[in-house]
Amino acid sequence: MEASVPDKPSVDGLEEKWGARWDADGTYRFDRSKTREEIFAIDTPPPTVSGSLHVGHVFSYTQTDVMARYQRMSGKEVFYPMGWDDNGLPTERRVQNYFGVSCDPSVPYDPAFDAAAFEPDTGKDAKPIPLSRKNFIELCNRLTVEDEKAFEELFRHLSLSVDWEMTYTTIGDRSRRVSQRAFLRLLDSGVAYTAEAPTMWDVDFRTAVAQAEIEDREQEGLYHRITFEREDGAGALEIETSRPELIPACVALVAHPDDDRYTKLVGTRVFTPLFDAPVPVLAHELADPEKGTGIAMICTFGDVTDVVWWKELGLPARVVMQKDGTIAPPRWGRDGWESRDVEAATAAQNELSGLYAKKARRRIAELLAESGDLQGEPEQVRHVVKFYEKGDRPLEVITSRQWFVSTLRFRDELLARGRELRWHPPHMRARYESWVEGLNADWAVSRQRFFGVPFPVWYRLDDQGVADHEHPLVPDEDRLPVDPLTDVPDGYTQEQRGVPGGFAGDPDVMDTWATSSLTPQIAAHWEDDLDLFERLFPMDLRPQSHEIIRTWLFYTVLRAHLENDSLPWTDVAISGWVLDPDRKKMSKSKGNVVTPMPLLDQHGADGVRYWAASARLGVDTAIDEQQMKVGRRLAIKALNVSKFVLKMEAAPGAVTEVIDRSMLCTLADVVETATVAFENYDHARALEIIERFFWDFCDDYVELVKSRAYGSRGEGAAGSAMAALRMALSSLLRMLAPFLPYVTEEVWSWWQEGSVHRAPWPSVGELEAGAEADPGVFASAASVLTEVRKHKAAQKISLRARVERVVVRDTPQRFGLLEPALEDLQEAGNIAVIDRTDGEDFAVETVLAPQGA
RNA sequence: GGGCGCUUAGCUCAGUGGAAGAGCGCCGCCCUUACAAGGCGGAGGUCGUAGGUUCGAGCCCUACAGCGCCCACCA
C-alpha cells in the first residue's frame, strides 16, 4: 500500500478538515435498514440549550461518544441522535431577560408581531413588555434556534459522532405529539388524573412543582413559643412554631397518642391566639414528642405533614396563603372561619393581609408580643426549608387543581425495573432505590407556565360557565399535537370557547420532565414509525449524570414501564460532575464555571477528549488542563510515530522474527483486555491499557527494530519488522480512534482507505502472526534496553554512545527469551557484545566503550 | 438520622488476596537519522485510624474518623 505521508505533520487544523469530511461523507449516518440486534441505540441526553455552554457538556458527552465509536467499530450500527431541551422554564427566563418581555396570557395575540425582527429594549429603566402567550412562544422559538446552533457547533468541534440529521427538540412537533399521546393513554388507563389537592407551590413562578424538583436548603429561622388558651379554663397550652403567620390557618393541635403530657387533653378544645378560633386537640403518630413542646399546630397548610394530618384526621381547610405568596384577607365569621371574637380576629388578620410570609411573620410576632401570647424572645435556629430547585423563596403548600401521574402505586414494580437495569457503576442504583422508596406523592405534572407542551384536553362548561374537570374532552390521536387554547374540540366551534354551555381549553403545560421522560420514544419515532421504533426500542444505553437519577432516569423508567411494559434501555452509564481545579462543584452563582471553547482551542479536541475519557464513570473529576496537554502530546506522538513507520521504505514481508511475533502477541493481549473493558463500559480502563502499550511500542519496540527495518540485516528481517510495525500501528490507531478521533483519522488517511471510524475494531485474529509467541521476548529485550539507557543516563552521556559490553545476569530459561532479540538489542543500544552470567536476580552490567572513539 | 462513595507519592488517580503502581509536577541527563511544544532516566509512599480473618491484606470483615454526594428531616 502506498503511503502518502506529509513531511511536517501537525495536529493543528484537523478539526476543520475532518469535521467537514465526516459531514460530507456521512461517516456517522445511521443506517435504518439494520435489525435490532445489529444496532446500538443511545438515548442521548438533550442538553438544556438555554443554559450556557459548560465544560460539563464536553466531559460527559465525550464519555458517551467514546462508547459510541467503540460500538460502531465493533460492527454495530450506532443510533446516536441529538436532542435539544428547549422546553420549559429556563427558556422562559432567558427570553424574559434577553428581550425584556414577560408573558401575560391575558394579552390578546398580536398577529402583526414580528418575532424575527424584535429588538430587545436595552434601556436601563425599561419595563418588561407584556406579550401574549403565543407571541411569547414565538420569541422562545427564535432564541432556542440560536442557542441550539451554539451547542451544535461545540459538539461538532468536539467530534461527537452523532448523526446530525437526527435531531429533535423537546418543544418540537414530534415531542409534543409523543408527550400528548402518552398523556392521553395514561388518562385513558386512569394513571393520569386531575385533582384539586394541596400541592407544593412556588409563589414567584406561580406554579405547582413536583417532589422531584424540590430541594432542601438550610435557613435561619425563629422558633416562637405561643400560648393557646384552653377551653376548660385550666390555663394555656404552649406550642412552638417557625411559622406564626399561619396561626389564622390553624385548625387543630396534635400530640403523639402515647405522650402522657397531653393524652388527657386529646378531645378538648383550645383557642388560637389573636384569632380566638376554637380548634381541637388531637392525637396522631406523626407528632414527635421530642420536637418543640411535643404538641404541634396543624395549619392548612404549613408543610406536607400538615397535609397528612389534615387528610387523616378529617380536618376542615382554612386557607390564608394565596398563590402569589401573600396572606389572604380575613373571612372570620363566614365560610366556616369560626371565632369567639370575629371583630378582633378580623382586625388581626387585616394587619397581615397582603404581606408576604416573611413580613407577616415579623408583624404577627409583634402582635403576639403585645397580646402576651408570645413567651419570651423567639429563638434563632437553623432549619431546613423546601425550595423549588430553581426558586428563590420557600415553597408553600397551596390547594389547586393539577394533573397527576400515579407513581406511588407502582413503587414495587419500579424498584424491580431498577434491579433489571444494568448500572455503570453499579452502586448508583442505590440512589434510584432510595428515591423510589422515599416517594411520598404522585407526580404533579401540570405547570402554570407558558413555554411547554399543553395538556391536550378541553372541559365542557355548564350553564353557569363552570368547567367539568372530571370528564375532559380529548382529541383523536391523529390530531396531535394540539393546543387547546387555539384548537377546538371535536363537535364545537371557536365561538363556543369560554361561554356557558361551550368549552374551555386546559391552560396548563406539562412539567418539562413529562416530555424528557419520553426521549427514547421521541427519538425512536414511537407510533409514528413503527418499523423504526422496533429497530431501536428498548435502547441499549442511557448516559446521564447522577444528580438527575431521581428525575430523568426515574421518570423515563416510569414512562417506559407504563407505555411499553419494558425498560427503556438495558444499560445506564452515570457520569460524574466536572469540578473546578479546587474540586468544588461548578455553579453559576460561584462564578467558577469554565466554558469549553477556549479549552478546545488551546488543547485541541483530541486533548480535551483525552482528559474527559481518562475519568471513570461516576467519578467526579476536577478540570485538569495538564491532562489535556498530555492528551495533546499523545496525539502528536501518534502523528510522529506513524510518520516514521510509514516513511520507511522496506517492503513488509512475512513476520518471521521472534521479537516481532512477541510484540504482536503482547498487542493481541492488549486488544483482548481493552475490548473486555469496553464491553464493561469501562472506557477509562481501555484507554489506560491502550495508551500503556502505545508508549511501550514507541519507546521500546520501534527503537529495537529501527535498524533492522532500515535493512541492517537484510530484506527478510526488514520485511518482518515492517509488517509487524504496520500491523501494530494499524491496531493502535484503531484502538485510539474512539478517544482521539481527529489525529487517528488524519494518520489513517495517509495509508488506508475509508474512515478509521468505520474500520473494524482490532481482533486477536488479525494478529495471528503473534499467536503462540512468547510475550516475554519483547518484554525482556525492552527491560535490558531500559537498563542500558539507565546506565548511560547515570553516566550523563548520550543514549547513542557506544557500549563495549553488556552482561546480563539471569537464569538460563529467562535468558533464553532474550536470545532471539540480541541482535536488535545490540543495534538499538549500540552494544558491541552481550554476555550472560547465571543468577537468580535479573541485573544488567554495562561497560561503556571509550568515548570519543 | 438512613444510605452510597471516597481516603494509596507534592497533585490527579489505577491497583481484581500473592514482590506498592501510572501520569503530571519536581530533579538530572540527552540536540539520538519520527518527535526539543521532544526523548531518556531518577528521587519520592507507615496505602485514613484501630482491631480481626488469613500462611499472606492496599484489597476481605468489624468499629471509628474525615471528605463528598443521595435520601429523610419546616412544630
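Letters A, B, ... mirror the listed sequences (proteins, then strands); counts begin at 1.
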Next on the checklist: Classify Ser614(A) by what it touches in the nucleic acid, base, sugar-phosphate, or nothing, heavy-atom distance under 4.0 Å.
Outcome noted: nothing

Item to check | Pairwise P distance, rA57(B) and rA50(B) [rounded to whole Å] | outcome: 15 Å

Checklist entry - Quick one: side-chain contact (heavy atoms from CB on, under 4.5 Å) partners of Pro425(A), sequence neighbours excluded? => result His427(A), Met428(A), Ile574(A), Leu617(A)

Checklist outcome for this item: Whole-Å distance, Ile690(A) CD1 to rA14(B) P, equals 18 Å

Item to check | Residue pairs passing the salt bridge (charged side-chain N to carboxylate O under 4.0 Å, His left out) test where at least one lies in residues 280-309 of chain A, sequence neighbours excluded | outcome: none

Item to check | Base paired to rC26(B) (Watson-Crick or G-U; both N/O distances under 3.5 angstrom) | outcome: rG42(B)

Checklist entry - Which letters describe nucleotides 25-37 of chain B, given B = protein heavy atom under 4.0 Å from base, S = only from sugar-phosphate, - = neither? => result S--SSS-BSBB--

Checklist entry - So with a 6.0 Å cut-off around CD of Glu672(A), is the heavy-atom count from everything else above 12? => result no

Checklist outcome for this item: Residues at least two apart in sequence or cross-chain that pass side-chain contact (heavy atoms from CB on, under 4.5 Å) with Val676(A), listed by chain then number, are Asn680(A)

Checklist entry - Does Arg243(A) have a side-chain nitrogen or oxygen under 4.0 Å from the phosphate oxygens OP1 or OP2 of rC74(B)? => result no

Checklist entry - What integer distance in Å separates Ile689(A):CD1 from rG15(B):C1'? => result 12 Å

Checklist entry - Quick one: side-chain hydrogen bond (donor to acceptor under 3.5 Å, both in side chains) partners of Asp7(A), sequence neighbours excluded? => result Lys647(A)

What are the atom names and distances for every N/O pair under 3.5 Å that joins the protein to nucleotides 42-44 of chain B?
| residue | atom | partner | partner atom | Å |
| --- | --- | --- | --- | --- |
| rG42(B) | OP1 | Lys790(A) | NZ | 2.9 |

Checklist entry - What is the nucleic acid contact for Arg692(A), judged by heavy atoms within less than 4.0 Å: base, sugar-phosphate only, or nothing? => result sugar-phosphate

Next on the checklist: Any base atoms under 4.0 Å from Ala684(A), or only sugar-phosphate, or nothing? Heavy atoms, all strands.
Outcome noted: nothing

Checklist entry - Rounded to whole angstroms, how far apart are CE on Met297(A) and C1' on rC74(B)? => result 11 Å

Checklist outcome for this item: The contact string for nucleotides 59-72 of chain B, one letter per nucleotide 5' to 3', using protein heavy atoms under 4.0 Å with B, S and - for base, sugar-phosphate only and none, comes out as ----------BSSS

Item to check | P gap between rA19(B) and rG10(B), integer Å | outcome: 24 Å

Checklist entry - In terms of the nearest nucleotide of RNA chain B, which residue is placed more toward the 5' end: Val619(A) or Glu787(A)? => result Val619(A)

Checklist outcome for this item: Sorted by chain and number, sequence neighbours left out, side-chain contact (heavy atoms from CB on, under 4.5 Å) with Asp258(A) holds for His256(A)

Next on the checklist: How close do Phe678(A) and Val66(A) get, counting heavy atoms only, and between which atoms?
Outcome noted: CE2-CG1, 3.7 Å

Checklist entry - Counting only heavy atoms not in Glu218(A), do more than 12 fall under 6.0 Å of its CD? => result yes

Item to check | Opposite nucleotide pairing with rG1(B), Watson-Crick or G-U, both atom distances under 3.5 Å | outcome: rC71(B)

Item to check | Integer angstrom distance from the C1' of rC59(B) to that of rU54(B) | outcome: 13 Å

Item to check | Sugar-phosphate only, base, or nothing, as touched by Leu286(A) at under 4.0 Å among non-hydrogen atoms | outcome: base

Item to check | Identified pairing partner of rC64(B), criterion: Watson-Crick or G-U wobble below 3.5 Å | outcome: rG48(B)

Item to check | Nearest-angstrom distance, C1' atom, rG25(B) to rU12(B) | outcome: 11 Å

Checklist entry - Rounded to the Å, how far apart are Arg361(A) CZ and rC74(B) P? => result 15 Å

Checklist entry - Which whole-number value in Å describes the distance from Leu639(A) CG to rG38(B) C1'? => result 14 Å

Checklist entry - Run the side-chain contact (heavy atoms from CB on, under 4.5 Å) check on His224(A) and Arg361(A) step by step: do they pass? => result CA-CA 10 Å; His224(A) 304 73; Arg361(A) 194 170 308 150; 4.2 Å; yes

Next on the checklist: Rounded to whole Å, how long is the line connecting atom CD of Glu245(A) with atom P of rC74(B)?
Outcome noted: 16 Å

Item to check | Distance, rounded to the nearest Å, where Tyr701(A) contributes OH and rG39(B) contributes P | outcome: 21 Å

Checklist entry - Do any pairs count as a salt bridge (charged side-chain N to carboxylate O under 4.0 Å, His left out) and have a residue in residues 691-700 of chain A, sequence neighbours left out, and if so which ones? => result Arg692(A)-Asp696(A), Asp700(A)-Arg789(A)

Item to check | Residue pairs, two or more places apart or on separate chains, that pass ring pair (Phe, Tyr, Trp, His ring centres under 6.0 Å) and touch residues 604-627 of chain A | outcome: Phe59(A)-Trp611(A)

Next on the checklist: Using atom C1' in both nucleotides, what's the gap between rG56(B) and rA20(B) to the nearest angstrom?
Outcome noted: 15 Å

Item to check | Flag if over 12 foreign heavy atoms under 6.0 Å of CD, Gln219(A) | outcome: yes

Item to check | Pairing nucleotide - rU32(B), Watson-Crick or G-U, each distance under 3.5 Å | outcome: none

Next on the checklist: For the residue pair Arg393(A) and Tyr356(A), would you count it as a cation-pi contact if the rule is NZ or CZ under 6.0 angstrom from the ring centre and within 45 degrees of the ring axis?
Outcome noted: yes

Item to check | Complementary nucleotide for rU53(B) - Watson-Crick or wobble, under 3.5 Å | outcome: none

Checklist entry - For RNA chain B, what residues of residues 299-312 of chain A have any heavy atom nearer than 4.0 Å? => result Asp303(A)

Checklist entry - Rounded to the nearest Å, what distance is computed from the CZ atom of residue Arg616(A) to the P atom of nucleotide rC13(B)? => result 12 Å

Next on the checklist: Could you tell me how far rG48(B) sits from rC30(B) if I compare only their C1' atoms? Round to whole Å.
Outcome noted: 42 Å

Checklist entry - Residues two or more places apart in sequence or in another chain: which of them pass side-chain contact (heavy atoms from CB on, under 4.5 Å) with Thr407(A)? => result Leu439(A), Asp442(A), Trp443(A), Phe554(A), Leu558(A)

Checklist entry - Which pair of heavy atoms, one from Met321(A) and one from Val319(A), lies closest together, and at what distance? => result O-CG1, 3.4 Å

Item to check | Val705(A) versus Ala721(A), closest heavy-atom pair with distance | outcome: CB-CB, 4.1 Å

Item to check | Separation between the C1' atoms of rG58(B) and rU46(B), rounded to whole Å | outcome: 12 Å

Checklist entry - For Trp611(A), which contact category applies under a 4.0 Å heavy-atom criterion: base, sugar-phosphate, or nothing? => result nothing

Checklist entry - Mind checking the C1' distance from rG17(B) to rC60(B)? Whole angstroms is fine. => result 8 Å

